Amino acid sequence: MKAFRYHRPANVAEAVAVLAAEPQAAYLGGGTNLVDLMKLGVQRPDVLVDVTRLPLDTVEELPDGGLRIGATVRNSDLAAHPVVRRAYPVLARALLAAASGQLRNMATTGGNLLQRTRCVYFQDTGKACNKREPGSGCAALHGQNRDLAVLDWSEQCVATHPSDLAVALAALDTVVEVHEADGPRDIPIAEFYRSPGTHPERETTVARGALITAVRLPPLPAARRSTYLKVRDRASFAFAAGSVAAVLDLDGDVVRDVRLAYGAVAHRPWRAYRAEEALRGRPFSPELAARAADAELAEARPLRHNGFKLPLTRAITVRALTELASS
Amino acid sequence: MSAGAVGRAYPRLEGPAKVTGTARYAVEYPVDGVSYGWAVPSAVVRGRITRVDTAQALASPGVLAVLHHGNAPRLTPGPQTELWLLQEPAVHYRGQYVAVVVATSLEAAREGARLVHIDYDTGPHSTVLTDDHPGLYKPDHVNPSYPTDTAEGDFDAGYAAAPVRVDATYRTPAYHNNPMEPHATTAQWRDGRLLVHDSNQGASSVQATLAELFALPAESVRVVAQHVGGGFGSKGYAKAAVVLAALAARHVDRPVKLALTRQQLFGPIGYRTPTIQRVRLAADTDGRLTAICHDAISQTSTIQEFAEQTAVYTRSMYAAPHRRTTHRLVRLDVPTPFWMRAPGECPGAYALESAMDELAVAAGIDPVELRIRNDTDVDPDQGRAFTSRNLVACLREGAQRFGWAGRDPSPRSRRDGRWLIGTGVAGSSYPARSRPSSATATARPDGSFLVQVNATDIGTGARTAMWQVAADALGVPPERVEIRIGDSALPTAPVAGGSMGTSSWSWAVIRAAQALREKLRDGGPPTGEVTAEADTTEEVGGQPALPRYAYGAQFVEVRVDADTGEVRLNRMLGVFAAGRVVNPTTARSQLIGGMTMGLSMALHEEGLLDERYGDWVNHDLATYHITGCADVESIEAYWLDERDDELNPAGVKGIGEIGIVGAAAAVANAVHHATGVRVRELPIRLDKLIGLSDLA
């Protein structure tokens, strides 16, 4: 593999400065994805800037009732945090549904959001992939695409975002705090990820070299009644075949508020606004949940091997909301 | 043999070394001046190398050499065309090794491999097995030396006349062996002699192959395989890693370590061929089989024929007056398939034992009872009595332990909340064979004994088992016996494969021990070392050709999520009759390991081939799923006491493979019972079952 330099910055500003000065530098968090991709030659950084010693490893309760989670908080620690477990169970469940115990001990909050697609064509330098090598084509579009997108894909890319955590954060209207060369900036998670469009190599809306320093959860009392359902091809240690993050707030049996986000269906964690709209203000029933999912999936365009994701996503939408409604 | 060590649950002798990390695997031996090899796979499926540009690679820091067909040391052609590496510009499949980069570090070698630029002329290719492929042909025989087709009676007439019939086609995908330790070698040349530490299933066999390829006398090649991190058949013969490492070490005149990556295990090391199997069964209204036909299609490569014996299981399992089996192959532009745990029997039993379940449904007969009714004491294929056949005993014992009685046969008759519950059963069988082996036994003046046999412990507990067998044969407590295995410098022995290791090695160990006791009896107490040798070639060769088989019964309870189609196993239970069990601890591991692998085959594993690229795209353990612990809540393996004096001196049948045979069928049959859906194409994934409930 390509030889690289290793740099451990003293503070966030220095980390960002190194990335600004080095066109082929990359941040190193837990390394659970980046190091694999380096071995495979998919990513070939000159410099690794190890951010795990920066003081970004705390979970802080905010005066407004929200929560700020430092970018280097490990997935295991976050899942076990008492406030997360109590106030945002959807987040703890999403974390614990991901990867393995060993990987969760290493993986960081910021790194998790920036992990790359597990599309098999992206991970093999012998195959065409616009995300890895712009202009080379998308081998997945007409290839083995069972795991790939049904929504919002383009002719250039049909990849899905692999994170479970990001799906939960999308449902919670999380704010991503980043530090760019000209200073800090807040970005709502709904604006953080890009659709693949004609530039699937660009996955986020932040400038190259930006460092995620934290994610901020707004206060959301309804999130106490929230869950994450993930369906996998085997019972553990697998990426989602389908997943849903759900927050449900009922007034009697009427849906006062609802937050829904889907995993494994698109290039980004998919906030299901249409489904939410179909649910809000109406008396809850499993049939309503099914119709809401159908509304969200109406514009889905399944690929050759992944049509099952539509009934699957519908089924887990119904189950997640029905469980929350009866809890 | 005296009652003693055999049958007792000793822990593995090398257990402490393994769990403390001191047990050395093939590329963990410290070697002075070592360098690292990285295998470069072809980027095209079928073609010819027109140019190899090594300039950039050679300029890369740490790179010592780039071997390719233009400069690699010459090999002597042998029967294993797959090992004819770096000798010619022809490319026969994608992933064929076409170069090796040697460097002073592993990372430098890997980077160098990226910088080797190879141009190819390419041609059209065909890599997908279909049942109407124009290249279908009938091989001369199927592995290892069975007739390609068999026929008894008149199948067509028998089938047409029967009141109950099943005609079903089952498909299995490519399966890829993924031992924890990849194929890996440390190769060193000293004064024209080759020493390799290699991860394989038989050091004597690898020694012979290397000697042939490098035109050396066998005694100039030494192969050490002290600890092997799994093989499952894929290391049953010398493979690319050892040949490339030896070529590279000779070329750079330094020791070379070369290990394949996880990705490289998907293809060139061999894989279980995909199969397309049509099974037709006919029975009378009592469920007695009148006609059986099994037509199997599988693939091989263009360079070497590998004819998997898929339908051979059906020849001896159940009796019927009219029987037919056929095998057809297609030569595709793919790596040559190879052994994977119970090659032939495993995929064949999936088809036949699934069809038996379909027949049970069609005839309205309990599937355990159906199998009991079609039991036979005489091998329908050979026409001779089985030396022992305890299929029925396994079925009865399993049914009793599992709680089979009172099962409602109707599909979808049990539900637990959102889960549909179902149970399934399958029979299991595997041949009990032996190969010639040699061994020595030495008495030392201090009262201890040394027993040597080039057996291989691929994680099975073989070392411990041979130690137990040796102790009993010598008539001493095992603490007085030292056992040495895993080195071609030891007495020649066959591979750990085909469930023949324990039977073959123990035969020679027992004979050597007996000969030593004779010597000691004649000579009184030894003053120096006394050694006796044994070679069982004549005795094994002279054994009458009788049908010898182990049997088993597999029981499974699944639950299937009615909304999502997810399949999980509540429990899996197997009962086996496999002769004498040498060590209950390691035997249990072998059996539940085989059952787990069968479960993995049923629900998860599938090599996804992309015809455009001609290779399997899901070539890592994140995308090629292997069953995890959470997929099954309980696995139990039991065995019957079985004595069969027609086997071998230790009375063993071998247990490495019987555990996987029938397991996938039992799962598939349970899924049908739970859901009413008969999935005839493995794996049974959720997309094949989704939406069983009304409100999905």
Side-chain angles (χ1 to χ4, degrees), chain A residues 1-4 33 36 38-41 44 99-100 103 118-128 139-140 142-147 162 229-239 241-242 285-287 289-290 293 305-319 322-323, chain B residues 41-44 60-62 94-95 105-111 113-114 261 263 418 561-569 600 603-604 606 608-613 615-633 683 685-691 693 695-696:
Chain A
M1 60 197 278
K2 184 178 173 186
F4 60 89
N33 186 205
D36 281 351
M38 287 169 65
K39 290 180 182 172
L40 294 172
R44 296 177 47 78
S100 66
L103 287 168
R118 291 328 196 268
C119 174
V120 293
Y121 298 96
F122 171 74
Q123 297 185 92
D124 184 343
T125 57
K127 309 224 160 81
H142 299 295
Q144 294 288 355
N145 49 34
R146 181 178 180 272
D147 295 335
L229 273 189
K230 176 177 178 179
V231 172
R232 292 167 261 202
D233 283 324
R234 66 178 164 195
S236 67
F237 202 4
F239 292 96
S285 69
E287 292 75 16
H305 302 122
N306 68 2
F308 73 95
K309 287 193 175 186
L310 304 187
L312 179 63
T313 303
R314 183 176 187 258
I316 58 179
T317 305
V318 172
R319 178 176 298 165
T322 305
E323 281 176 12
Chain B
S42 75
V44 302
S60 186
R94 188 182 174 101
S105 74
L106 185 67
E107 293 76 15
R110 187 170 205 168
E111 181 66 4
R114 198 185 64 84
T261 64
Q263 285 79 9
R418 67 179 203 253
D561 188 305
D563 301 324
T564 65
E566 290 165 279
V567 182
R568 304 286 183 256
L569 265 67
S600 197
L603 298 185
H604 298 124
E606 178 180 26
L608 294 170
L609 192 119
D610 187 323
E611 169 77 343
R612 298 165 304 171
Y613 293 99
D615 74 348
W616 294 279
V617 293
N618 56 335
H619 48 209
D620 61 36
L621 294 180
T623 53
Y624 180 92
H625 282 169
I626 288 171
T627 285
C629 292
D631 288 297
V632 52
E633 290 176 15
R685 274 191 319 238
L686 59 91
D687 44 303
K688 298 173 185 173
L689 295 168
I690 193 165
S693 63
L695 181 69

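The structure presented is a predicted model; accordingly, all values stated were derived computationally and were not measured. Chain letters run A, B, ... following the sequence lines, proteins first, then strands; residues in each count from 1.
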### Task
Look at A:Q144, A:Q123, A:R232, A:H142 and state which one has the largest set of heavy-atom pairs under 4.5 Å with chain B.
A:Q144
### Task
Between chain B and each of A:G41, A:G307, A:G126, count heavy-atom pairs under 4.5 Å; write down the option with the most.
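Most heavy-atom pairs within the cutoff with chain B belong to A:G126.
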### Heavy-atom neighbours of A:K39 NZ exceed 12 at 6.0 Å
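At most 12 heavy atoms, drawn from other residues, nucleotides or ligands, come within 6.0 Å of this atom.
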Heavy-atom pairs under 4.5 Å with chain A: which of [options] has the most?
options	result
B:E107, B:R612, B:E566	B:R612
B:L106, B:D615, B:T261, B:T627	B:D615
B:E111, B:H604, B:R685	B:E111
B:V567, B:N618, B:L686	B:L686

### Nearest heavy-atom neighbours spanning B:I690 and A:F308
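Answer, listing the atom of B:I690 first, then A:F308: CD1-O, 3.8 Å.
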### Message
For a quick test of reading the model, state the closest non-hydrogen atom pair linking A:A235 to B:A630 and the distance between them.
### Response
CB-O, 3.5 Å
For [X], is it the side chain, the backbone, both or neither that has a heavy atom under 4.5 Å from a heavy atom of chain B?
X	result
A:I316	side chain
A:K309	neither
A:A289	neither
A:A139	both
A:H305	neither

### Query
Does A:R118 pair with B:D620 as a salt bridge, N-O distance under 4.0 Å?
no
### Query
Rounded to the nearest 0.5 Å, what separation is found between the CG atom of B:D631 and the CG atom of A:D233?
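Rounded to the nearest 0.5 Å, the CG-CG separation comes to 10.0 Å.
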### Task
Output the distance between atom CG (B:L608) and atom CG (A:N145), rounded to the nearest 0.5 Å.
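If we round to the nearest 0.5 Å, B:L608:CG and A:N145:CG are 10.5 Å apart.
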### Message
Against B:R114, only a single residue in A:R44, A:K2, A:M1 fulfils side-chain contact (heavy atoms from CB on, under 4.5 Å); can you say which?
### Response
A:R44
#### Entry: Test item: side-chain donor near acceptor, B:Y613 and A:D124, under 3.5 Å
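Checked: B:Y613/A:D124 side chains show no N/O donor-acceptor pair below 3.5 Å.
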### Trace of the side-chain contact (heavy atoms from CB on, under 4.5 Å) decision for B:R110 with A:L40
CA-CA 9 Å; B:R110 187 170 205 168; A:L40 294 172; 4.2 Å; yes
#### Entry: Side-chain donor/acceptor of A:R319 to backbone N/O of B:T564, under 3.5 Å
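Absent.
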### Message
Could you check whether any side-chain N or O of A:R234 sits under 3.5 Å from a backbone N or O of B:I626, counting only pairs where one atom can act as donor and the other as acceptor?
### Response
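Yes; at least one donor-acceptor contact below 3.5 Å.
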### Task
Side chain from CB out, backbone as N, CA, C, O: work out which of these in B:L621 comes under 4.5 Å of a heavy atom of chain A, or both, or neither.
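Looking at B:L621, just its backbone touches chain A.
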### Message
Can you tell me which portion of B:E611 sits under 4.5 Å from chain A's heavy atoms? Options are side chain, backbone, both or neither.
### Response
neither
